[in-house]
Protein chains: 2
Amino acid sequence: MAVAPERELVNQWRDLATCYNKTAAALDRELQEQHGMGLSEFEALDRLVESGEEKVRMHQLASDMYLSQSALSRTVARLERSGLVERAICYDDRRSVFVRLTETGSVRHGQARDTHRHVLADHLDR
Amino acid sequence: MAVAPERELVNQWRDLATCYNKTAAALDRELQEQHGMGLSEFEALDRLVESGEEKVRMHQLASDMYLSQSALSRTVARLERSGLVERAICYDDRRSVFVRLTETGSVRHGQARDTHRHVLADHLDR
DNA sequence: AGACGTTACATGCAGGCGCATGAAATGCGC
DNA sequence: GCGCATTTCATGCGCCTGCATGTAACGTCT
């Protein structure tokens, strides 16, 4: 009688893992094929747009993402290389780096957003 | 009125991603530190034990895991290198490979299992 | 001002993953 | 039995990740 909750816990974990991995894989595939960007890139863009701010510090961006600091640094580097984002010096605190959405970044995000939401609707049931 | 469900969907996805990544990271860290094995290794062992069978085909093992076929192949290779598992030829179908738990594999799984369940209890609420 | 601990990013490195491919065994149609 | 598509697993390759570390800027204490 004390073993049932444990099985329940494991099943819950497996469902979580399966659902996450399937959804993440689908998102990454669709975003890559249709918009030439990976999942982390899109998620970073999405946070950036959503913040409402014109430019956001790396650290702040990292804070509400699951990515590590180093992974975010490289993600932003990829976005910059693609021209979707620009880095700018923060004069208040010269250690920090501002990340700013470019014009094309805004457009590309808008397009990718539809794909993103659509895949989510397909894989997450309410 | 038609935008609220969309936000809800995105929030659901973010919660899922955050929960999964935090849990997976904790599992991997604890299993690595305390038992010298990664998360995929443990999950594979767990499926193996749970099957009840003495030996299981690779393909069957892969079927109820989120891992790709190539990733599973390497995971089993690592387990074999650590002596927790053995590969055996399947004489019915010589393309297939049986995976069999070793004595030490069984012991190590039993130990790691406690860590695994404990971490799950910490990170998943019912 | 000078020294020291802290914070914010970038980067070398090792390791895991998925995709595409390779190699071997199987099954199917003729 | 022969050829050809299919299945099953292994592996080369490129990419991404986290950890540990390096570098520069900041803050504090004296």
Side-chain angles (χ1 to χ4, degrees), chain A residues 17-18 20-33 36-44 48 55-82 85-100, chain B residues 17-18 20-33 36-44 48 55-82 85-100:
Chain A
T18 302
Y20 172 78
N21 282 293
K22 288 220 190 297
T23 307
L27 280 172
D28 202 68
R29 185 171 357 99
E30 293 299 314
L31 288 170
Q32 195 68 57
E33 281 181 7
M37 70 178 78
L39 178 53
S40 327
E41 272 109 299
F42 175 80
E43 295 280 358
L48 199 51
K55 43 192 181 178
V56 170
R57 290 195 214 76
M58 293 281 289
H59 192 251
Q60 180 188 340
L61 206 53
S63 70
D64 45 37
M65 281 233 275
Y66 49 89
L67 278 183
S68 72
Q69 182 265 322
S70 73
L72 179 72
S73 178
R74 294 179 216 264
T75 300
V76 170
R78 286 193 295 272
L79 286 171
E80 191 179 31
R81 234 177 289 132
S82 306
V85 134
E86 282 174 355
R87 293 188 216 222
I89 298 174
C90 170
Y91 290 100
D92 293 354
D93 182 346
R94 304 177 70 99
R95 291 170 302 181
S96 295
V97 172
F98 275 133
V99 184
R100 182 178 44 211
Chain B
T18 302
Y20 172 79
N21 282 294
K22 287 221 190 295
T23 307
L27 279 172
D28 202 67
R29 185 169 359 97
E30 294 298 315
L31 288 170
Q32 196 67 57
E33 281 182 7
M37 71 178 77
L39 178 53
S40 329
E41 273 110 298
F42 175 80
E43 295 280 359
L48 200 50
K55 43 193 182 176
V56 171
R57 291 194 212 76
M58 294 280 289
H59 193 250
Q60 180 187 339
L61 205 53
S63 69
D64 44 39
M65 282 232 275
Y66 50 89
L67 277 183
S68 73
Q69 181 265 323
S70 73
L72 179 72
S73 178
R74 292 178 218 263
T75 300
V76 170
R78 286 192 295 272
L79 286 171
E80 191 178 31
R81 234 178 288 131
S82 306
V85 134
E86 282 174 356
R87 291 189 217 223
I89 298 174
C90 170
Y91 290 101
D92 293 355
D93 182 344
R94 303 178 70 100
R95 291 170 303 182
S96 294
V97 172
F98 275 134
V99 184
R100 184 178 43 210

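Below, chains carry the letters A, B, ... as their sequence lines are ordered, and counting in each starts from 1. Keep in mind that this is a model prediction, so the values were computed, not measured. In what follows, every heavy atom counts, from backbone to side chain, and hydrogens, waters and symmetry copies are set aside.
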Quiz item: Given atom CG of A:Leu39 and atom P of C:dG18, what is their separation to the nearest angstrom?
Solution: 14 Å
Quiz prompt | Nearest non-hydrogen partners of B:Leu48 and B:Arg100, listed with the distance | solution = CD2-C, 4.4 Å
Quiz item: Got A:Arg57 and A:Phe98 here, is their nearest side-chain heavy-atom distance under 4.5 Å?
Solution: yes
Quiz prompt | Check against side-chain contact (heavy atoms from CB on, under 4.5 Å), A:Met37 and A:Ser82 | solution = CA-CA 9 Å; A:Met37 70 178 78; A:Ser82 306; over 6 Å; no
Quiz item: What is the distance, rounded to the nearest whole Å, between atom OH of B:Tyr66 and atom P of C:dC17?
Solution: 8 Å
Quiz item: Which pair of non-hydrogen atoms, one from B:Leu67 and one from B:Ser40, has the smallest distance, and what is that distance?
Solution: CD1-CB, 3.8 Å
Quiz item: Roughly, in whole Å, what's the span from CD in B:Gln60 to C1' in D:dC9?
Solution: 15 Å
Quiz item: Checking B:Ser73 side chain against B:Gln69 main chain: does a donor-acceptor pair fall under 3.5 Å?
Solution: no
Self-check item: Point-to-point distance, once rounded to the nearest 0.5 Å, from OG of B:Ser96 to CD of B:Gln60
Solution: 10.0 Å
Exercise. Find the distance A:Arg87:CZ to C:dC9:P and express it as a whole number of Å.
Key: 10 Å
Quiz prompt | Distance below 4.0 Å between A:Ser40 side-chain N/O and D:dT17 OP1 or OP2 | solution = yes
Exercise. Check A:Ala44 against A:Thr75 and note the closest heavy-atom contact, atom names and distance.
Key: CB-CG2, 4.3 Å
Exercise. Find the distance B:Leu79:CG to C:dG16:P and express it as a whole number of Å.
Key: 11 Å
Quiz item: Rounded to the Å, how far apart are B:Arg81 CZ and C:dG16 C1'?
Solution: 12 Å
Practice problem: Find the distance A:Leu72:CG to C:dA8:P and express it as a whole number of Å. | Solution: 13 Å
Quiz prompt | Heavy-atom pair of closest approach, residues B:Leu61 and B:Val56 | solution = N-CG1, 4.1 Å
Practice problem: Can you see which heavy atom on A:Leu72 is nearest to which on A:Met65, and at what distance? | Solution: CD1-CE, 3.4 Å
Practice problem: May I have the distance from B:Met58 (atom CE) to C:dA25 (atom C1'), rounded to whole angstrom? | Solution: 16 Å
Between protein and nucleotides 19-21 of chain C, what N or O pairs are separated by less than 3.5 Å?
{"unit_1": "C:dC19", "atom_1": "N4", "unit_2": "B:Ser70", "atom_2": "OG", "d": "3.0"}

Could I get a table of every N or O pair under 3.5 Å where one atom is in the protein and the other is in nucleotides 24-27 of chain D?
{"unit_1": "D:dC26", "atom_1": "OP1", "unit_2": "A:Arg94", "atom_2": "N", "d": "3.1"}

Self-check item: OP1 or OP2 of D:dA10 under 4.0 Å from side-chain N/O of B:Ser73
Solution: yes
